[in-house]
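Along the sequence shown, the residues carry numbers beginning at 1. Bear in mind the structure is a predicted one, so any value in this text is a computation, not a measurement.
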Amino acid sequence: MDKISELNGGRIIDTRLLTQVQSSQILENGSRCVPAFVDDICHRCGTRVQTDIFKGKKVYCRGCLNFGKIYLDDQLIITNNEVTFGQQSFPLTWRGQLTEMQRTISMKLIESFYQSEDHLVWAVTGAGKTEMIFPLIAEAIKNDKRIAICSPRIDVCIELFPRIKAAFENTSIALFHGRSDEEYHCTQIMIATVHQLIRFEQAFDVLIIDEVDSFPLAGDIMLERAIEKSKKPNGMNVYLSATPPLHLLNRVDAKNLNLSKMYQRFHQHPLPEPKTHLLFKPSNFTKINPRLKFRIEQLVKLHEKFMLFFPRIPEMLEFESNLRKSFPDLKMVSVSSKDADRINKVGMFRNDEVQAILTTTILERGVTFHQITVIVIDADAKEFSKTALIQIAGRAGRSKDSPDDEVHFYYNYYSRQIKLACDEIKSVNKQARKK
């Protein structure tokens with residue numbers, strides 16, 4: 001912590017972590033000191049602390065415990081949020097081209113930026129949402145503003161980082177998440193998990209939340225509070241989603257959230273519509289259900305890459321073991337939320353080092369692969385919501401050279417969520433044809 005200025009940018013710091021000299025230097029630099037709790041509410045995360053459960057022990061907030069204990073009598077420093085990065089006339093170094101519809105949405109976002117209004121971009125999977133925000137980010141940088149791009153998923157943030165860095169080569173950018181070893185330093189663009197916003201207050205002029213409907217953000221009041229408190233009073237929030245949550249749609253109806261819709265992917269081909277298959281017997285019948293085994297045999301023979309989605313980790317691991325016995329020459333990996341090596345394994349699949357990847361819903365969104373077949377096993381399981389099935393189907397057909405990748409849902413009962421997911425994909429394609 002040698003460079004005190006690196007801590008600027010609306011960062012919330014417990015004074016117990018600083019020396020008296022460091023605290024004085026930070027406060028002299030335009031920061032402010034506040035109590036850690038007001039009326040038993042944690043200033044950092046907004047959680048109310050039930051003091052009666054501690055029974056004489058020192059009271060601390062359990063809501064943001066992962067970021068270090070904050071005790072009832074602590075003091076917090078909110079570092080100076082007025083940071084400057086210098087003027088850039090042409091910050092965007094990306095040389096790609098937006099489609100007409102993407103340009104229209106980008107201009108709407110810039111209008112919302114100048115009016116300090118929040119904006120929801122409701123766009124199908126594979127619409128090119130990341131590229132659509134480039135002009136907005138460029139406009140913010142031209143005005144010496146600070147931007148945060150966040151997602152609930154670490155995997156999504158890791159995917160976004162090189163793309164944003166390549167698009168804004170002359171702008172300071174950093175990536176922060178729970179598994180990152182990089183110490184915080186103030187940059188003009190911050191890419192981070194939504195959890196990291198708990199550490200900030202009135203820090204960002206433009207706050208972009210990708211995959212706003214996904215776990216663990218969806219329905220988490222603490223994370224929703226973190227989003228609001230980390231935005232500057234005259235800043236804007238941009239929400240990106242293919243399946244926006246109801247509370248955002250209610251804000252649209254109440255006229256306090258702008259909305260842009262995009263029904264087409266960037267390559268203007270329709271979304272792959274899932275083919276549904278009744279298994280008749282469990283997916284593990286005779287180790288691998290014959291209907292599933294036949295499909296996989298065809299893919300293996302044709303040397304086609306494929307993803308197998310499972311509702312739960314034990315079923316995935318059992319299927320993987322049986323698959324290795326049935327297809328000993330098939331190169332595959334499996335990933336889940338408990339797999340510390342999943343980023344490397346996803347890279348192996350992307351780089352064609354393996355033909356198949358078995359996964360849970362951890363890869364339902366935020367990842368892009370080219371020329372793949374997507375298979376959902378036990379699509380009627382309760383873990384596969386309508387939203388999850390739509391997002392999973394959205395992994396297919398994302399490349400302009402293979403827009404018609406196949407999606408297959410295998411099930412024993414044709415559930416409501418399967419029907420709703422298939423109906424919504426068909427409806428989106430129908431809307432796109434009208435445009």
Could you check whether any side-chain N or O of [X] sits under 3.5 Å from a backbone N or O of [Y], counting only pairs where one atom can act as donor and the other as acceptor?
{"X": "Asn80", "Y": "Asn29", "answer": "yes"}
{"X": "Lys229", "Y": "Phe200", "answer": "yes"}
{"X": "Arg62", "Y": "Val49", "answer": "no"}
{"X": "Ser230", "Y": "Leu197", "answer": "no"}
{"X": "Ser402", "Y": "Asp405", "answer": "no"}
{"X": "Thr193", "Y": "Pro152", "answer": "no"}
{"X": "Glu424", "Y": "Ala421", "answer": "no"}
{"X": "Arg146", "Y": "Met190", "answer": "no"}

Does [X] reach the side chain of [Y], with side-chain heavy atoms less than 4.5 Å apart?
{"X": "Glu201", "Y": "Lys232", "value": "no"}
{"X": "Asn429", "Y": "Tyr263", "value": "no"}
{"X": "Ile137", "Y": "Ile149", "value": "yes"}
{"X": "Met262", "Y": "Val121", "value": "no"}
{"X": "Ile70", "Y": "Tyr60", "value": "no"}
{"X": "Met236", "Y": "Leu136", "value": "yes"}
{"X": "Tyr411", "Y": "Thr276", "value": "yes"}
{"X": "Val333", "Y": "Leu358", "value": "no"}

Just by distance, no angles: are the side chains of [X] and [Y] close enough, under 3.5 Å, to form a donor-acceptor pair?
{"X": "Asn284", "Y": "Glu315", "answer": "no"}
{"X": "Thr84", "Y": "Asp144", "answer": "no"}
{"X": "Asp380", "Y": "Tyr410", "answer": "no"}
{"X": "Asn258", "Y": "Ser112", "answer": "yes"}
{"X": "Ser260", "Y": "His119", "answer": "yes"}
{"X": "Thr79", "Y": "Asn8", "answer": "no"}

Check this for me, if you would: do [X] and [Y] make a salt bridge, where the nitrogen-to-carboxylate-oxygen distance has to be below 4.0 angstrom?
{"X": "Glu211", "Y": "Arg153", "answer": "no"}
{"X": "Lys231", "Y": "Asp118", "answer": "yes"}
{"X": "Arg312", "Y": "Glu383", "answer": "yes"}
{"X": "Arg199", "Y": "Asp14", "answer": "no"}

Considering all heavy atoms, the nearest [X]-[Y] contact:
{"X": "Ser337", "Y": "Thr360", "result": "N-OG1, 4.3 Å"}
{"X": "Arg251", "Y": "Asn256", "result": "O-OD1, 2.8 Å"}
{"X": "Cys150", "Y": "Val194", "result": "CB-CG2, 4.1 Å"}
{"X": "Cys61", "Y": "Thr47", "result": "SG-CB, 4.0 Å"}
{"X": "Phe176", "Y": "Glu183", "result": "CE2-O, 3.5 Å"}
{"X": "Gln88", "Y": "Asn170", "result": "NE2-O, 3.4 Å"}

Would Glu159 and Arg365 count as a salt bridge (charged side-chain N to carboxylate O under 4.0 Å, His left out) here? Give the steps. CA-CA 11 Å; Glu159 289 251 338; Arg365 61 181 77 220; over 6 Å; no
Roughly how far, to the nearest 0.5 Å, is [atom2] of [Y] from [atom1] of [X]?
{"X": "Asn237", "Y": "Glu117", "atom1": "CG", "atom2": "CD", "answer": "12.5 Å"}
{"X": "Phe161", "Y": "Ile191", "atom1": "CZ", "atom2": "CD1", "answer": "6.0 Å"}
{"X": "Ile375", "Y": "Phe409", "atom1": "CD1", "atom2": "CZ", "answer": "11.5 Å"}
{"X": "Glu353", "Y": "Lys345", "atom1": "CD", "atom2": "NZ", "answer": "13.0 Å"}
{"X": "Gln102", "Y": "Glu131", "atom1": "CD", "atom2": "CD", "answer": "6.5 Å"}
{"X": "Leu249", "Y": "Leu120", "atom1": "CG", "atom2": "CG", "answer": "6.5 Å"}

Would you kindly check if the NZ (Lys) or CZ (Arg) of [X] is within the cone defined by 45 degrees around the ring axis of [Y] and under 6.0 Å from the six-membered ring centre?
{"X": "Arg11", "Y": "Tyr184", "value": "yes"}
{"X": "Lys58", "Y": "Tyr71", "value": "yes"}
{"X": "Lys305", "Y": "Phe349", "value": "yes"}

Taking atom [atom1] of [X] as the centre, report whether more than 12 heavy atoms of other residues, nucleotides or ligands fall under 6.0 Å from it.
{"X": "Tyr114", "atom1": "OH", "result": "yes"}
{"X": "Gln115", "atom1": "CD", "result": "yes"}
{"X": "Lys400", "atom1": "NZ", "result": "no"}
{"X": "Gln87", "atom1": "CD", "result": "yes"}
{"X": "Gln97", "atom1": "CD", "result": "no"}

For the rings on His408 and Phe309, is their centre-to-centre separation under 6.0 Å?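 No: the rings miss the under 6.0 Å criterion.
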Could you walk me through whether Arg265 and Thr125 satisfy the side-chain hydrogen bond (donor to acceptor under 3.5 Å, both in side chains) test, starting with their C-alpha distance in whole Å, then the side-chain angles of each, then the deciding distance to 0.1 Å, before giving a yes or no? CA-CA 7 Å; Arg265 288 183 157 177; Thr125 57; 3.1 Å; yes
Under the side-chain contact (heavy atoms from CB on, under 4.5 Å) criterion, do Glu364 and Arg395 qualify, and how do the steps go? CA-CA 7 Å; Glu364 75 178 32; Arg395 297 313 96 204; 5.8 Å; no
Please name all residues satisfying side-chain hydrogen bond (donor to acceptor under 3.5 Å, both in side chains) with Ser334, sequence neighbours left out, ordered by chain then number.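 side-chain hydrogen bond (donor to acceptor under 3.5 Å, both in side chains) check on Ser334 returns Glu320.
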Given Thr243 and Asp213, is the side-chain hydrogen bond (donor to acceptor under 3.5 Å, both in side chains) satisfied, shown in steps? CA-CA 7 Å; Thr243 48; Asp213 58 298; 2.6 Å; yes
Derivation and outcome, side-chain hydrogen bond (donor to acceptor under 3.5 Å, both in side chains), residues Ser283 and Asp378: CA-CA 7 Å; Ser283 54; Asp378 297 332; 3.2 Å; yes
